[in-house]
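Bear in mind the structure is a predicted one, so any value in this text is a computation, not a measurement. When reading the values below, keep in mind they use all heavy atoms of this one structure, side chains included, and skip hydrogens, waters and symmetry mates.
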Amino acid sequence: MILVKDLKRYYGTGETTVKALDGVSFEIKKGEIVAIMGASGSGKTTLLRILALLDDATGGEYTIQGLEVSSLPESERSYYRLTQVGYVFQDYALINEMSAAENVYVLSMMEGKSIKDSYDTALEALDKVGLKDKHARIPDELSGGEKQRVAIARAIAKKPDILFADEPCANLDTANSKQVLDVFKELNEKYGQTIVMVTHEQWHTEYVDRVITLKDGKIISDERERKG
């Protein structure tokens, strides 16, 4: 599904060049949950942003289902990002003045869908994350874990091929983190959702199939998790 070959992301030139990613290669199959781990500055968020088409690589190849997305013109990349991939930010990125449902259906409206279709899509996505009964609440009326689940609903409402998540539990306590990870696991098991998640918490690996660990922009390990 995802194929990455010799991916590089450099900042600066000459002696001041920073190699955020320095020749990364791997493949992710459909239906996998993959954690990207590493110390601060290892390149994990840079990698995720490139995979989600939020940033450009300096070199290398990146394909999704055989389409070389890294070489698409910006207009096509933007449309692909809007319609084919979902992204969950660690700070929720919700609009405070909007209800949970409105925060979810705003992307469907951007795709040109009617208000009714967008609202129905939002309710379906909120139902998948266990929040349909709170569709009318604004973010200030929700817990941290619930806010992140709304963000997940927004990301999956368009039924993307891949869901990317950048430290989705970074601002949550253990109980709320578990709620969010349980949602990821359910999405994966029920709907075959492919999920690529950046995390720094070792216990989160209990929820994933595989862990890719980075150090100084390079992969130092790529291991499958053993499920008890």
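- Using a 4.5 Å heavy-atom threshold, the side chains of L187 and V183 count as touching.
- From K147, atom NZ reaches atom CD of E141 across 10.5 Å, with rounding to the nearest 0.5 Å.
- The shortest distance between side-chain heavy atoms of D216 and D22 does not fall below 4.5 Å.
- Contact check on E74 versus R77 returns a salt bridge, with a Lys/Arg side-chain nitrogen under 4.0 Å from an Asp/Glu carboxylate oxygen.
- Atom NZ of K8 has more than 12 neighbouring heavy atoms from other residues, nucleotides or ligands inside a 6.0 Å radius.
- For the atom pair Y207 OH and I195 CD1, the distance stands at 12.5 Å (nearest 0.5 Å).
- Screening residues 83-102 for salt bridge (charged side-chain N to carboxylate O under 4.0 Å, His left out), with sequence neighbours left out, gives no hits.
- The shortest non-hydrogen separation linking I152 to L163 is CG2-CD2, 4.5 Å.
- Connection of Y191 to V88 is established within a shared hydrophobic cluster, with ILVMFWY side chains joined at heavy-atom distances below 4.5 Å, either directly or through further cluster members.
- In this structure, the side chains of D161 and M1 come closer than 4.5 Å at one or more pairs of heavy atoms.
- Within the 3.5 Å criterion, the main-chain N or O of I212 finds no donor-acceptor partner in the side chain of D222.
- Between R9 and D55 there is a salt bridge, since at least one side-chain N of the basic residue sits less than 4.0 Å from a carboxylate O of the acidic one.
- Checking Y105 against D117 by side-chain atom types alone, no donor-acceptor pair falls below 3.5 Å.
- Considering only heavy atoms from C-beta on, R224 comes within 4.5 Å of E32 through its side chain.
- By the 6.0 Å contact criterion, CG on D173 is enclosed, its count of non-hydrogen atoms from other residues, nucleotides or ligands being greater than 12.
- For residues 44-88, the pairs satisfying ring pair (Phe, Tyr, Trp, His ring centres under 6.0 Å) are Y87-F89, with sequence neighbours left out.
- Residue K215 places its NZ atom among 12 or fewer non-hydrogen atoms of other residues, nucleotides or ligands, all under 6.0 Å distant.
- A salt bridge is defined here as a Lys NZ or Arg NE, NH1 or NH2 lying under 4.0 Å from an Asp or Glu carboxylate O, and E223 with R210 fails to meet this definition.
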Practice task
Let me see the working for L172 and Q148 under side chain to side chain contact (heavy atoms under 4.5 Å, CB included), right down to the final yes or no.
Solution key: CA-CA 9 Å; L172 304 178; Q148 194 58 289; 4.3 Å; yes
